[in-house]
Amino acid sequence: MKRQATISVTLATYNEEKKIGKFLDSVFSWANEIILVDGHSQDKTLSIAKKYKNIKIIETDNKPIFHINKQLGIDACKSDWILQLDADEIVTPALLQEINQLLSKKPSDISENGFWINRSNYFLGTFLKKGGQYPDSTLRLYKKGMGRLPCKDVHEQAEVKNPVGHLTNDLQHFADISFSRYLLRANRYTTLLAQELSQQKLNINFVNFLTYYLIKPLWWFLMAFFRHRGYVDGFPGFVFAYFSALRFPIAYTKYWELQKTNRSINMSDDWDTK
């Protein structure tokens with residue numbers, strides 16, 4: 001399908017040798033350019049990426065707030081439209097067709113500055129459909145100069161000037177290809193949450209102990225598994241609701257440890273992806 005507009009795909013990587021090939025295979029044939037920002041990967045990520053044509057590689061250091069590197073990629077894009085992705089995401093044929101249909105229009109016929117895209121999250125061998133994990137909309141496609149990442153939080157969305165639309169087809173997300181991988185990422189994110197508690201100077205007392213060990217995890221589990229119908233996903237839905245609720249006591253424990261030992265968080269210990 002002939003396009004009226006060009007599109008750049010950008011991503012940030014750190015030790016993604018197991019995923020980068022599959023990712024690049026899914027985008028290199030149709031992206032006008034690919035911008036890869038690598039945080040000094042220690043594996044074969046870069047050697048694999050350099051085998052592909054039409055790819056620009058920017059090397060920098062690995063940062064705890066990974067969105068800083070993502071923004072470097074966004075700033076380097078030169079096409080009319082920018083699709084910001086992660087190495088564990090795959091653009092499905094249906095989504096690509098929808099994007100091509102959008103870009104085949106005249107620029108004057110596209111009033112939106114950006115588009116939300118639904119994500120299907122892979123967990124324990126299936127794609128979760130409930131439990132607050134679907135549609136998991138994310139703002140990833142936007143006109144050049146119209147979208148930026150705040151670079152303050154690991155789960156933040158891009159900020160895009162209105163009007164913003166919503167695409168129909170899904171982006172597939174393979175963040176947790178195994179339960180071990182899920183636990184590894186959970187360790188990182190609970191460390192970030194502990195860091196946030198430290199910045200907030202949360203008081204260590206019995207009330208906050210009950211809040212983070214009982215109230216918050218119970219509330220989260222009930223919301224995810226019952227209100228958001230995580231039970232529809234069966235055992236994977238139960239496991240996801242249960243372990244995601246545990247992030248509150250884990251983060252509080254890490255925060256308590258930091259306060260009692262008077263040490264600072266060493267993010268590199270929790271950010272190793274090997």
Side-chain angles (χ1 to χ4, degrees), residues 11 16 18-19 22-23 26-27 66-67 83-99 101-102 114-141 153-158 160 164-193 196 210-253 273:
L11 75 157
E16 297 287 1
K18 295 180 179 179
K19 301 174 183 176
K22 184 177 180 180
F23 173 89
S26 72
V27 301
F66 209 42
H67 285 194
L83 179 61
Q84 187 273 308
L85 298 173
D86 293 333
D88 56 10
E89 295 172 335
I90 297 296
V91 175
T92 62
L95 177 58
L96 176 57
Q97 182 179 12
E98 187 175 9
I99 292 174
Q101 289 174 345
L102 171 70
F115 289 87
W116 292 87
I117 302 175
N118 295 340
R119 288 198 303 181
S120 293
N121 291 295
Y122 183 85
F123 185 72
L124 294 184
T126 188
F127 288 100
L128 298 177
K129 291 300 182 183
K130 297 294 181 180
Q133 292 306 296
Y134 187 83
D136 189 24
S137 300
T138 181
L139 192 50
R140 297 294 190 82
L141 179 65
D153 181 80
V154 70
H155 295 300
E156 69 192 10
Q157 295 287 355
V160 179
V164 175
H166 203 135
L167 299 184
T168 302
N169 293 284
D170 293 350
L171 183 69
Q172 291 183 336
H173 189 207
F174 294 89
D176 303 312
I177 56 176
S178 67
F179 190 60
S180 295
R181 174 70 177 180
Y182 170 84
L183 293 176
L184 174 65
R185 293 200 314 127
N187 185 44
R188 302 177 204 155
Y189 295 146
T190 52
T191 298
L192 279 175
L193 182 54
E196 292 175 7
L210 287 180
T211 299
Y212 281 85
Y213 262 80
L214 182 62
I215 298 173
K216 281 182 176 288
L218 180 59
W219 173 84
W220 182 268
F221 177 81
L222 293 175
M223 289 286 289
F225 195 67
F226 291 104
R227 181 177 178 182
H228 293 293
R229 301 176 63 204
Y231 57 83
V232 172
D233 291 315
F235 182 67
F238 171 82
V239 173
F240 189 89
Y242 179 77
F243 278 88
S244 60
L246 290 180
R247 73 183 186 272
F248 297 107
I250 292 173
Y252 185 84
T253 301
T273 61

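We count residues from 1, following the sequence as given. Note that the structure is a prediction, hence the values are computed from the model and not measured. What you see below is based on every heavy atom in this structure, not just the backbone, and it leaves out hydrogens, waters and symmetry mates.
- The CZ atom of Phe115 sits 10.5 Å away from atom CG of Leu139, with the distance rounded to the nearest 0.5 Å.
- Here the side chains of Leu171 and Val91 are in contact, with some heavy-atom distance below 4.5 Å.
- Cation-pi contact between Lys216 and Tyr252: absent, since separation from the ring centre below 6.0 Å together with deviation from the ring axis within 45° is not met.
- Atom OH of Tyr182 and atom CD1 of Ile177 lie 15.5 Å apart (nearest 0.5 Å).
- To the nearest 0.5 Å, the span separating CH2 on Trp219 from CG on Leu214 amounts to 14.0 Å.
- Listed by first and then second residue, the salt bridge (charged side-chain N to carboxylate O under 4.0 Å, His left out) pairs involving residues 222-235 amount to none (not counting sequence neighbours).
- Contacts classified as salt bridge (charged side-chain N to carboxylate O under 4.0 Å, His left out) and involving residues 165-177 (residues at least two apart or in different chains) are given here: Asp176-Arg185.
- In this structure, Phe248 has no ring pair (Phe, Tyr, Trp, His ring centres under 6.0 Å) partners at least two apart in sequence or on a different chain.
- The side chain to side chain contact (heavy atoms under 4.5 Å, CB included) test applied to Asn169 returns Ala94, Leu95, Glu98, not counting sequence neighbours.
- Note that CZ of Phe23 and CD1 of Ile90 are 7.5 Å apart. Values are rounded to the nearest 0.5 Å.
- Distance OG1/Thr126 to CG/Asn121: 11.0 Å, rounded to 0.5 Å.
- For Tyr134, the ring pair (Phe, Tyr, Trp, His ring centres under 6.0 Å) test picks out no residue, with sequence neighbours left out.
- Between Thr191 and Arg188, the closest side-chain pair of non-hydrogen atoms is not below 4.5 Å.
- In this structure Ser178 satisfies the side-chain hydrogen bond (donor to acceptor under 3.5 Å, both in side chains) test with no other residue, sequence neighbours excluded.
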Solution key, residues 240-247 side-chain donor-acceptor pairs under 3.5 Å, sequence neighbours excluded:
from	atom 1	to	atom 2	distance (Å)
Ser244	OG	Trp220	NE1	2.9
Ser244	OG	Phe240	O	2.7
Ser244	OG	Ala241	O	3.1
Arg247	NH1	Ser244	O	2.9

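- Taking the six-membered ring where tryptophan is involved, the planes of Phe123 and Phe179 are perpendicular, since the angle between them exceeds 60° and thus also 30°.
- Here the closest heavy-atom approach between residue Gly132 and residue His228 is recorded as N-CB, 3.5 Å.
- Evaluation of the ring pair (Phe, Tyr, Trp, His ring centres under 6.0 Å) rule for Phe225 yields Phe221, Phe238 as partners, not counting sequence neighbours.
- Here the closest heavy-atom approach between residue Thr190 and residue Asn187 is recorded as OG1-O, 3.0 Å.
- Checked against side chain to side chain contact (heavy atoms under 4.5 Å, CB included), Ile215 has the following partners two or more places apart in sequence or in another chain: Thr211.
- With no hydrogens or angles considered, no side-chain donor-acceptor pair links Tyr212 and Thr253 at under 3.5 Å.
- Between Pro236 and Leu124 the shortest heavy-atom distance is CA-CD1, 3.8 Å.
- Rounded to the nearest 0.5 angstrom, Lys18 NZ and Asp88 CG are separated by 13.5 Å.
- Applying the salt bridge (charged side-chain N to carboxylate O under 4.0 Å, His left out) rule to pairs touching residues 116-134 yields Glu89-Arg119, Arg119-Asp136, sequence neighbours excluded.
- Taking each heavy atom of Lys19 and Ala175 in turn, the nearest pair found is NZ-O, 4.0 Å.
- Residues Asp86 and Phe66 fail the side-chain proximity criterion, which asks for heavy atoms closer than 4.5 Å.
- Looking at Leu83 and Val27, their side chains never come closer than 4.5 Å, going by heavy atoms from C-beta outward.
- With sequence neighbours excluded, the residues forming a side-chain hydrogen bond (donor to acceptor under 3.5 Å, both in side chains) with Gln157 are Thr138, listed by chain and number.
- Pairing each heavy atom of Leu128 with each of Gly237, the nearest pair is CD2-N, 4.4 Å.
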